[in-house]
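Below: the structure, in structure tokens.
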Amino acid sequence: MSTKSVEEIKKESRHLRGQIVETLKSDVSHFEEAEYQLLKYHGTYQQDDRDLRNERKKAGLDKAWSFMVRSKIPGGELSADQYLMHDKMADDLANHTLRITTRQGFQVHGILKGSLKECIARICNSGLTTWGACGDVVRNTMSASSPLHDAAHLDALKLAQEINDATLPKSRAFSEIWLDGQKLDLNSSATANQEADSLYGELYLPRKFKIAIAVPPRNDVDVFSNDIGFICHAPHGVVEGYNIYVGGGFGMSHGQLQTRPFLSQPLGYVTRAHCVEAALAIITTQRDFGNRAERKLARLKYLVQSRGIEWFRTEVQSRMKGQVEPLKDIKLDGVSDMLGWHEQGDGKWFCGVFVSEGRIKDTDQVQYRQALRKIAETFQPRIRLTANCNLILCDIQPRDRAAIDQILRQHGIADPAGLTEARRMAHACVALPTCGLSLAESERVFPQVMNGIDAILRELNLAEEPILFRMSGCPNGCSRPYNADISFVGRGPNKYAFFIGGSHRGDRLVGLEEKTVLLDEIPAKVRPYLETYARERKPSERFSDFWARTRTNGEAPSPEQFHIELEERAKRLAEAGEKPTAQA
Ligand code: SF4
């Protein structure tokens, strides 16, 4: 195993090339550490099937290696043809499922090494890319997912595309390796294929970097959990500018007490003309001052925390022509998606489809893939992926609504009107079997957990209350559990830490309520909290507000709450020659 740091690997990689081509051409089963790190920038993680690990080890076999490939889709917007390309690829090259990510992208799992090049090439040939979907660069930029034809929503999507274009890495490595040297056709800047990279240099950023754009009153992108959060200011229906928040992020690391989840802090307000400039000023501040000596403390949130928001604002301002002004008064409400049917505002309709845990697959009970394929082929809708891992069918003619409803219901896809509001908002991370870091199940058990909670909510007449439940398979918190009303974070097989006290608006962090609860106990553990709320709340009072009025949060989430489990995981990964990086 290489002992090189990620910073050294980047530096020696010749702009993210390393030995990727050589390894692809060779007959080895998997990539070594340096290329494993570099592959992330190209949009893929090397994984192995953890369900098969022990069995294969006993049989003296190598791990069952495969790859997850992530499409980068700014604002989660794709065409019907791009959707159908992913759908076909799920059968041709992957494990017959598609996973909507928490950043409005798609992941396909189970790609074999021999198919990796074809998979990435297919995505690029459809007009999308995987370049920069992972790695120490700006990840997929999110924007409010509702396809409403108003100035704010249209502008949020445009801004996401502008930021994406301005932050795509410039190295030719990607096109050389995956596209046989073809130029990327992404409608991005004309300089996209120039090797020199004035934004990233040769070391790229100290860590991953996440940007989201919200349109009030909805916080469907979970804006405060991002490195940069933009919130649209559009008085009288005209976009004038954006409030900007900086330094959010939820990951934490064993043995590093300073690592913990943070919500972002207010930087200020910037007029629309200066939004991309502001994003670049923030990114380059992190590039130049972020911690490259200690990777666990390298996210922007630690720079903002250690230097203070005043210092950070002054530094960003010094890199801009536009002014960072005091925040505008903008209020956000819940993080939910607009599910079901809604008018777009241009004579057409959109239909938000609830996708259980973001997994598009066919089972005996529900056939998401068949239904969505049929709808995409027949009606050619534009599609938006949401940060809550749902999917929106856009640009539907009024006359086609009934036929689309019929296809959805024929394939067992729930009418969101029949779900509890908690279920419509709830989400779990991927975890087992593909995530090398998971300590407990998440995606595969969450529907059952929510069935139990749903029954209690209905019994207590709380079915329409926006109570945000989330689950993660480990403290990394990919499903954003640390600002939910109630969340469960895996600490071992069937064991979870129980957190409570965040907010369905995504603007408050949880506290630890109970160190360990068993999977089967979760609905029973939640019941007394819901009963007290149902009994003692004021009329129309939300659970988040009831909690804030009547309770004090427990200890803030910290790595020490998972001390033993994280230590054991670190040992396990070291024995396996792996580094502790999320690889969902
Ligand atoms: Fe879930 Fe992310 Fe942890 Fe994997 S790293 S178990 S996807 S929270």
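In what follows, residues are counted from 1 in the order of the sequence shown. In listed order, ligands and their atoms are each counted from 1.
Comparing heavy-atom distances from atom 8 (S) of ligand 1 across G490, S479, A440, C478 singles out C478 as nearest.
None of the N, O or S atoms belonging to C474 lies under 2.8 Å away from atom 1 (Fe) of ligand 1.
Ion pair R470/D222 flagged as a salt bridge, since at least one NZ, NE, NH1 or NH2 atom sits closer than 4.0 Å to an Asp/Glu carboxylate oxygen. Note on K58 versus E55: no salt bridge recorded, every NZ/NE/NH1/NH2 to OD/OE distance being 4.0 Å or above.
For the ligand labelled ligand 1, residue G477 lies inside the 4.0 Å heavy-atom shell.
Side-chain contact check for L93 versus K88: every heavy-atom pair is 4.5 Å or farther apart.
Residue S66 holds its OG atom at 14.5 Å from OH of Y45, rounded to the nearest 0.5 Å.
Of all the atoms in ligand 1, the ones that sit under 4.0 Å from a non-hydrogen atom of S438 are 6 (S).
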